[in-house]
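Structure first, then comments.
As a basis for the values below, the full set of heavy atoms in this structure was taken, side chains included, without hydrogen atoms, waters or symmetry mates.
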Amino acid sequence: MDMPQSRTAGVRQAYVTRERAGVALLFLMNGFFVGAWAPKIPEFASRLGLTESALGVMILVFGLGSLVMMPIAGAQIARFGSSTVSRITALLAVPTLLFLTWVGSIWSGAVAIFLFGGLIGAMDVAMNANAVAVEKHMRRAIMSSCHAFWSLGGLLGAATGGFLIERMGVTGHVILVTIAAALMLAFAWPMVLRDAPHPEEVHERLRLPRTALPWLLGLMALFCMIPEGAVIDWSALYLRQELGSSVTASGFAFAAFSLTMAIMRFAGDLVRDRFGAVRTLRVCAVISVTGLLLAGLAPSADTAILGFALAGIGISNLVPIVFSAAGNLPGLRPGVGLSVVTTMGYSGILLAPSAIGFIAEYSGLAMIFAALSVLHLVVLMLSPLARHADGVRHD
């Protein structure tokens, strides 16, 4: 999931430090778990006898788990610091895929997926907070590359998931994934920057903004992130059920999406510095529209995978630009604009995919992916608002 970058002035440390490596490993682990979950979704639905609409409810439970646990994690960060909360939530998240693999009823499945979504979301908040702390410590922006490591982890989890499930079975796959995640955490544990707990501060009560601009940017964030959530949760099922791909190939959809997204996130700051926020957002929106249409109208799994790869290129830098714009709105405190935009955006990636299950039961997933391109056409229409992102000061 994407957070705005923090740039601070002063003497910079080396480009790679132990603290940066530690938080990068946390992002890698979190993305790896989400990626490994994607090719397991068809088996999970089959084992519990879920229809597409029932699976949509399960995905909704995943999102609700995240939305419940995220603010709890934020409160604990204030009490104990982001390093402690990052490591504890990561440790608790390690066995969650085992629970999802071994449940045998809808109710136990709902509890397992709630815990999975909740701990992944709580870890996400904590590791982003730790990345901000590392940025301040290093006097260097690292947020974009951290999220690139998340995409890289998603790629590794999704690309190997289907293959390992076919070769080792569901249990063999999840045990190997759990061991790999535990090793990532073990390496990261001593390197994570130990930031001090935040003392309680008295904040003035903030009113919701009455101007339209932050809400329009929130709408852009929402429309940017809904397709991303759809690809994460539904691409494997789409390839498996509607395009007749193998279990191995079904995982390549999210893998291709994650690969191109990771590459573009590593390059995102350079591209935006060269061409400006508005032009970068417009080009990305056009590419994502093309990719989603190609995926939805694809006659074969290979074509759909190509479409998802293009969508990854397009979607990669949409949200960072929108978040940067929200933090630089004239006449508005950065926290106010960001609170509106991030809340609206995360609701799209966490909750909207569940509604797709209900719609897909009647229309099919192919139509869904093609229709999602319309959302990025709206983002394209609102692209002039991205000019505020160029107000970010670059070192």
Side-chain angles (χ1 to χ4, degrees), residues 1 33-68 96-121 154 157-158 161-162 165 170-171 173-174 177 225-255 257-258 292 295-296 301 304 308 346-372:
M1 302 180 184
F33 252 34
V34 175
W37 163 242
K40 287 177 62 63
I41 291 175
E43 185 277 331
F44 176 78
S46 175
R47 173 162 33 96
L48 299 185
L50 302 176
T51 63
E52 287 180 334
S53 60
L55 180 58
V57 173
M58 284 291 188
I59 293 172
L60 174 62
V61 173
F62 175 96
L64 290 174
S66 292
L67 291 179
V68 168
T96 51
L97 277 181
L98 289 171
F99 301 154
L100 283 167
T101 302
W102 293 338
V103 294
S105 68
I106 292 178
W107 289 109
S108 60
V111 172
I113 202 168
F114 181 89
L115 290 174
F116 179 61
L119 289 168
I120 289 294
I165 289 172
V170 174
T171 300
H173 164 254
V174 76
V177 166
M225 297 179 81
I226 286 175
E228 182 177 351
V231 174
I232 292 172
D233 290 321
W234 293 103
S235 59
L237 198 67
Y238 169 50
L239 262 67
R240 185 86 175 110
Q241 292 190 354
E242 298 188 19
L243 296 179
S245 66
S246 65
V247 174
T248 298
S250 65
F252 290 159
F254 182 55
F257 178 83
S258 296
L292 290 169
F308 287 124
Y346 285 134
S347 67
I349 200 171
L350 292 173
L351 300 180
S354 63
I356 291 175
F358 295 99
I359 300 172
E361 190 133 351
Y362 302 98
S363 67
L365 288 168
M367 183 64 70
I368 293 290
F369 282 116
L372 287 174

Inter-residue atom distance Leu237.CG - Leu243.CG, 0.5 Å rounding: 11.0 Å
Minimum-distance pair of heavy atoms, taken over all atoms of Met58 and Gly109: CE-C, 4.0 Å
Phe33 side chain reached by Thr96 side chain, heavy atoms, under 4.5 Å: yes
Separation between CD1 of Ile41 and CZ of Arg240, rounded to the nearest 0.5 Å: 14.0 Å
Criterion side-chain contact (heavy atoms from CB on, under 4.5 Å) on Ile356 and Ile59, from CA distance to verdict: CA-CA 10 Å; Ile356 291 175; Ile59 293 172; over 6 Å; no
Beyond-backbone contact of Val177 with Trp37, side-chain heavy atoms, under 4.5 angstrom: no
Over all atoms of both residues, closest heavy-atom pair of Gly154 and Ser258: C-OG, 3.7 Å
Leu100 CG to Leu48 CG distance, which is reported to the nearest 0.5 Å: 9.5 Å
Check: Ala295 main-chain N/O paired with Tyr238 side-chain donor or acceptor under 3.5 Å: yes
Between CD1 on residue Ile359 and CE on residue Met367, distance to nearest 0.5 Å: 12.0 Å
Minimum heavy-atom distance between Lys40 and Thr101, given as atom pair plus value: NZ-OG1, 2.8 Å
Reported OG-to-CD1 distance for the pair Ser363 and Ile368, which is rounded to 0.5 angstrom: 4.0 Å
Flag, side chain of Glu242 to backbone of Leu365, donor-acceptor distance under 3.5 Å: yes
Output field: ring centroids Phe254/Phe308 closer than 6.0 Å: no
Gap separating the OG1 atom of Thr171 from the CD1 atom of Ile165, nearest 0.5 angstrom: 10.5 Å
Partners meeting ring-ring contact (aromatic ring centres under 6.0 Å, His included) with Trp234 (sequence neighbours left out): none
Contact summary for Ala110 and Val61, nearest pair of heavy atoms: O-CG1, 3.5 Å
Ala112 versus Val103, closest heavy-atom pair with distance: CB-CG1, 3.9 Å
Stepwise side-chain contact (heavy atoms from CB on, under 4.5 Å) check, Phe252 with Leu239: CA-CA 9 Å; Phe252 290 159; Leu239 262 67; 5.6 Å; no
Flag side-chain contact, heavy atom, 4.5 Å: Phe114 against Val68: yes
Heavy-atom closest pair, residues Ala158 and Ala255: CB-N, 3.7 Å
